[in-house]
Amino acid sequence: MLHDLFPPGIQHALDLAGIFVFATAGALLAVRKNFDVFGIAVLALVTALGGGLFRDLVIGAVPPAAFGELSFFVTPLVAAAIVYFLHPEVQRINHAINVFDAAGLGLFCVTGTTKAYEYGLGLTASAALGVTTAVGGGVVRDVLVNEVPSLLRDREMYAVPALVGASMVAIFISMHALNGITTGLAIVTTFVLRLLAMRYHWRAPLAWNRRSSVAEEP
Amino acid sequence: MLHDLFPPGIQHALDLAGIFVFATAGALLAVRKNFDVFGIAVLALVTALGGGLFRDLVIGAVPPAAFGELSFFVTPLVAAAIVYFLHPEVQRINHAINVFDAAGLGLFCVTGTTKAYEYGLGLTASAALGVTTAVGGGVVRDVLVNEVPSLLRDREMYAVPALVGASMVAIFISMHALNGITTGLAIVTTFVLRLLAMRYHWRAPLAWNRRSSVAEEP
Amino acid sequence: MLHDLFPPGIQHALDLAGIFVFATAGALLAVRKNFDVFGIAVLALVTALGGGLFRDLVIGAVPPAAFGELSFFVTPLVAAAIVYFLHPEVQRINHAINVFDAAGLGLFCVTGTTKAYEYGLGLTASAALGVTTAVGGGVVRDVLVNEVPSLLRDREMYAVPALVGASMVAIFISMHALNGITTGLAIVTTFVLRLLAMRYHWRAPLAWNRRSSVAEEP
């Protein structure tokens, strides 16, 4: 029942779209860091495939899709090649990238939650792993370029939309109401929440009574 | 024979206590770094569950307990919530935290070694994985906040007590003498050694003939 | 057919040689960073075993050889002990270390690709995982000492020789021509390419039209 939420071809196309936009974001960061062509390819691969790889190791789906599905491996390399040659143009459309990234976030948190549940995890654990799938690649990317993951530092409400989307999927599953429409609803909700968070600069709260004057780091 | 070292309820309570104190330490670091509420939760989860997650992936126990046991997931979130609201009070009892952390170290290295042996690893590998279980979460935590893991840098004798405790368990197993009493002895030995190392500022030696004047980093 | 490319004893000796030189490189970095004796041991272990550990988790070979094979665990500790006492002498033969490291790179990318294929991965995925096996330990090492992995930053053509060697193995497999001689050829090609890259300071290209004046980092 959980399988075939979408016709397989559409599911696969959506997966590739998510991988492509995440890879593009990783490759652009590599260019900004002045990495060479191989560093660009590595960062594209890690950003696009890191979250799903972690999910597959946790649920015991070996070999992980990142190594079992050739198109998952080639797509980030295509994104890296495009960025390699066209990076000024790609940076100019940075806003478009952010929109695609928000779409990837919605897709990955929903498919990650569903796949985790299919492999026998509980609902809470499935949602948690769905969020991890969506944000994990970006965390590894930031660690590799020696920065505190923006997820932790930026107060940018990046994880919250994914948390909402993954929780919606878990609730739909528990109500036996997960189907193509409700899945799409969770993806769109995540996507729109993330766009709103960017548009209106929503910020997550610091610790209670935490004043910036006591901050260790300015 | 190796199972049921303690009645399951007590084993579970000890696990949760270890998870709780490690999560508290992670959450406090997140507050010091001025992370938002989600960063605090993530760092609490990673610190408390990272070591056990790595152990379970290595021994093939999927899904790892971190994702299979709901209480293991909720406990760090409770610790994060407490730190979120009460962090000045929690920091004031920092010494108490260190004592709890030492207890967590003892518990995790012992249960990690035992679980690894139950899954078929050799005695040396089991002890090594037990130490990794105990210190792994802290290493991931430090990497995420972009610091050299204190395990590597601080010369604080953090790993040595865990090494002693894990080795005791391995020796007891090889002598067919692992039971509730000897397990408790290994936990207490680790705990006391760690407290003594903190109390008397024991320092691990640098490389032979290494003078600070040749240090790359001051 | 893929098994027994070499007599098992020779295969094992080659594995240990690769582990030994990678561990030495890790331990030397730990000395430069002024880590204590335990930090030296940890960095030696991580550098030597990290790549193979990742490979084994991906292909589902649990417990990974790093924890299943005692000699794989002891060898890095021996290397760490030697560096601990003799580090000035070892640093003096730094060039020799680089030569050994190049040999380790050739060996690990070839054995990594072969093992991945034996566990059912496709040819492209096997080659990718072979490269990851060869460079993975160094990446984890650099992350732990809080540096951008030299693989990404140095433009040193470290991954390219491994890529060539792993691809040669994949091509030989697809031609049913993998045997002791062709395996040796792939190892030697990787080794020589890496030596040439060091000798003639080959540099990988930056992104197309990327001028250093626009670099974010000097």
Side-chain angles (χ1 to χ4, degrees), chain A residues 53-62 64 116-117 119-132 135-136 139-140 142-163 202-218, chain B residues 26-46 49-50 52-54 56-74 76-77 80-91 139-149:
Chain A
L53 181 62
F54 178 79
R55 176 202 59 209
D56 289 349
L57 290 179
V58 164
I59 61 179
V62 291
Y117 186 75
Y119 274 78
L121 264 62
L123 287 172
T124 307
S126 295
L129 199 51
V131 174
T132 309
V135 306
V139 168
V140 178
D142 291 347
V143 166
L144 285 181
V145 302
N146 203 19
E147 292 186 352
V148 176
S150 62
L151 177 73
L152 295 174
R153 189 196 51 199
D154 281 355
R155 307 178 54 198
E156 267 204 353
M157 291 283 189
Y158 192 82
V160 177
L163 205 53
W202 291 347
R203 287 289 175 269
L206 297 182
W208 195 255
N209 277 331
R210 181 78 179 171
R211 289 157 46 222
S212 59
S213 60
V214 297
E216 176 184 323
E217 304 191 333
Chain B
L28 280 172
L29 179 59
V31 171
R32 275 206 296 275
K33 290 283 177 181
N34 235 19
F35 290 172
D36 67 32
V37 59
F38 303 102
I40 295 169
V42 168
L43 220 55
L45 284 164
V46 162
L49 304 178
L53 181 61
F54 178 79
D56 289 350
L57 290 179
V58 164
I59 61 178
V62 291
F67 283 93
E69 181 78 55
L70 191 58
S71 58
F72 283 13
F73 182 75
V74 173
L77 296 179
I82 293 174
V83 168
Y84 180 79
F85 287 107
L86 301 178
H87 57 93
E89 284 72 19
V90 178
Q91 284 181 311
V139 168
V140 178
R141 175 198 65 204
D142 291 346
V143 166
L144 285 181
V145 302
N146 203 18
E147 292 185 353
V148 175

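Chain letters run A, B, ... following the sequence lines, proteins first, then strands; residues in each count from 1.
- In this structure, the portion of B:Leu53 lying under 4.5 Å from any heavy atom of chain A is its side chain and not its backbone.
- When heavy atoms are compared at a cutoff of 4.5 Å, B:Leu144 approaches chain A by way of both its backbone and its side chain.
- Heavy atoms of B:Phe67 lying under 4.5 Å from chain A belong to its backbone as well as its side chain.
- Within the 4.5 Å cutoff, no side-chain heavy atoms of B:Leu49 are placed close to those of B:Val46.
- In this structure, CZ on B:Phe38 lies 10.0 Å from CG on A:Leu151, to the nearest 0.5 angstrom.
- Note: B:Ile82 CD1 to B:Leu77 CG = 11.5 Å, rounded to the nearest 0.5 Å.
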**Report entry** Trace of the side-chain contact (heavy atoms from CB on, under 4.5 Å) decision for B:Phe73 with B:Leu45
**Finding:** CA-CA 7 Å; B:Phe73 182 75; B:Leu45 284 164; 4.0 Å; yes
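- The distance from the CZ atom of A:Arg55 to the CG atom of A:Leu57 is 10.0 Å, given to the nearest 0.5 Å.
- Distance CG/B:Leu28 to CG/B:Leu43: 10.5 Å, rounded to 0.5 Å.
- Proximity to chain B is absent for every atom of A:Val62, based on heavy atoms less than 4.5 angstrom apart.
- Interface residue A:Leu129: backbone and side-chain heavy atoms are both found under 4.5 Å from chain B.
- In this structure, the portion of A:Val143 lying under 4.5 Å from any heavy atom of chain B is its side chain and not its backbone.
- Ranked by heavy-atom pairs under 4.5 Å with chain B, the first of A:Ile59, A:Val160, A:Asp142 is A:Val160.
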